[in-house]
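Throughout, protein chains are lettered first and strands after them, A, B, ... in sequence-line order, and every chain is numbered starting at 1. All values below come from the heavy atoms of this structure, side chains included, with hydrogens, waters and symmetry mates left out.
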There are 2 protein chains.
Amino acid sequence: MKVLITGGAGFLGQRLARELLARGELRNADGQLRPITELVLLDVVAAPGPDDARVRIEVGDIAERSVLERLIDDRTAASFHLAAIVSGQAESDFDLGMRINLDASRQLLDVCRMRGHRPRVVFTSSVAVYGGDLPDVVLDDTALNPQSSYGAQKAIAELLLNDYSRRGFVDGRVLRLPTISVRPGKPNAAASSFASGIIREPLNGEKAVCPVSGATRVWLLSPRKAVECLVAACQIDAAALGNRRTVNLPGVSVSVDQMIAALRELAGDAVAARIEWQAEDRVEKIVGGWPARWDTSRAAQLGLHGDASFKDIVRAFIDDELGGKIAQH
Amino acid sequence: MKVLITGGAGFLGQRLARELLARGELRNADGQLRPITELVLLDVVAAPGPDDARVRIEVGDIAERSVLERLIDDRTAASFHLAAIVSGQAESDFDLGMRINLDASRQLLDVCRMRGHRPRVVFTSSVAVYGGDLPDVVLDDTALNPQSSYGAQKAIAELLLNDYSRRGFVDGRVLRLPTISVRPGKPNAAASSFASGIIREPLNGEKAVCPVSGATRVWLLSPRKAVECLVAACQIDAAALGNRRTVNLPGVSVSVDQMIAALRELAGDAVAARIEWQAEDRVEKIVGGWPARWDTSRAAQLGLHGDASFKDIVRAFIDDELGGKIAQH
């Protein structure tokens, strides 16, 4: 079988690619494990790897239908659609957000539909689909009420994937990811970028700026567990999902103060002291509108599991990205 | 000011046009009443009227951006977007439904945005945005869970209008219309077409076929009240809506048996006997998924009112469309 990853040059796409290659096979719609013979990594820049004979690196604009038509064929059993314009950038560049978060998602569904073999499609969505007056505990089917263009675009993509699945055009599933933390690399334009930065930068010996108050609660998932969930979600039997194709992934709910306490416990006072506070209204407003308490029992029933604690998340980052070493200088 | 009605040749567009011309003015964003100097009626066929110097009849494909760019300019204070592909047809012709219910709605919002003066935009949406396991009473912010492509497309248009409004590109409002009954004219491809047909055809001396069981509950609004609500909604102060741009209009909740009892009471046994029963699974499935109980207190607070009873609805149809006469032959 052939597998496509959009956003294949991104850090999550790269990790997912490595995981899929290591497994070497995926469960198909007929319930059988089939070898992955070709893994296509599509992005606007060339993916740096992985170096593997099964990998095909493609550069292209995912909002161009011809690009998707070239890369999705009747051997494509599954597409993981990770490409996105993050929340901060979708707010500052409305047209770009619409083009990538909405148009490209729709094109991908529609090209899959045209192929006619009902391929599996896995979308990532976001807690940003919620907002406004929320119930105490958020469920998979709590009302969508996005307060950002990014959230609106993701909510629309969810609705499209659900309808394309209901009609039998694709066999889709959408995972609403908690904020991924700890992301490696550089800060990005996502409003939630600080949720990685305040851990990553201090562990790398650098200063970090926290734009929200210590009481702000966030809902977090490690990259390691996110990738495990993506692979598991792709293999869920369609009958177990029915017409409810959207699943909230389990996260760890912590305050920023608790995040810093975990960092201090694992890495010491000197590392935790590298965090500076500088309130940013725009970020506080976006992040403060996201819910912090969830009922993710449906994810658990479907075999999708998160991290045990935030300390585990920080430990996984130190192991996976820093080779176990913390900068103490 | 200039006002645009899309779907201007349709029965609701025609009634709305007559109402706007009779009033002659609309409350603007600044709270002042302004004369309507031009009323543009756009549709795929030429609107039959009204015959009035202020009316400009335009034929064009609403999904073509150039058509909207030609008709919406910086004098356009309000656009009523009524053009739609109905539920049954959007299910049988997926691409057409996407083009008109989604693409055209988005183009309209986007052309308004490009004009830069934040014009008012009134969309009509539908109870078809709901479905699945519903709460006992449906609220404006009950979770969207469309079970038809029509419902999905309307839900997406709602999300777009809300985001375009939040960003200040337009001053939008969406009314979720109950099923409009009694519609004049011929049956259409809407799954709810019977909710007019079982009253209209018998009153016209013709047989009607009812495709759902007598216990099926529907949620109904007369064309007269629908038009009043559209005009009122356009004039609501933006501050009263805040970021919640979608409002469920009040309907009358009745069973099909109760509808027929009202018809019998007003028109007699011979008229009511013109209804034949012929179950149609496809229709029963779509209509059965729509909710029947609602809390529309927000609509009332905003000054949007429905009919007092189904008998009132039938009486209004007899008065407005039949000149007070019932075919007894």
Given that the side chain runs from C-beta out, which part of B:R244 has a heavy atom under 4.5 Å from chain A: side chain, backbone, both or neither?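 Neither part, no heavy atoms under 4.5 Å.
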Report the option among B:D95, B:L102, B:N243, B:D110 that has the most heavy-atom pairs separated by less than 4.5 Å from atoms of chain A.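 Winner by heavy-atom pair count: B:D95.
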Considering only heavy atoms, give the residues of residues 133-162 of chain B separated from chain A by less than 4.5 Å, sorted numerically, with 'none' for an empty result.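 Within residues 133-162 of chain B, the residues that come under 4.5 Å of chain A (heavy atoms only) are B:D141, B:T142, B:A143, B:P146, B:Q147, B:S148, B:S149, B:A152, B:A155, B:I156, B:L159, B:L160.
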Can you tell me which portion of A:R113 sits under 4.5 Å from chain B's heavy atoms? Options are side chain, backbone, both or neither.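 The side chain, not the backbone.
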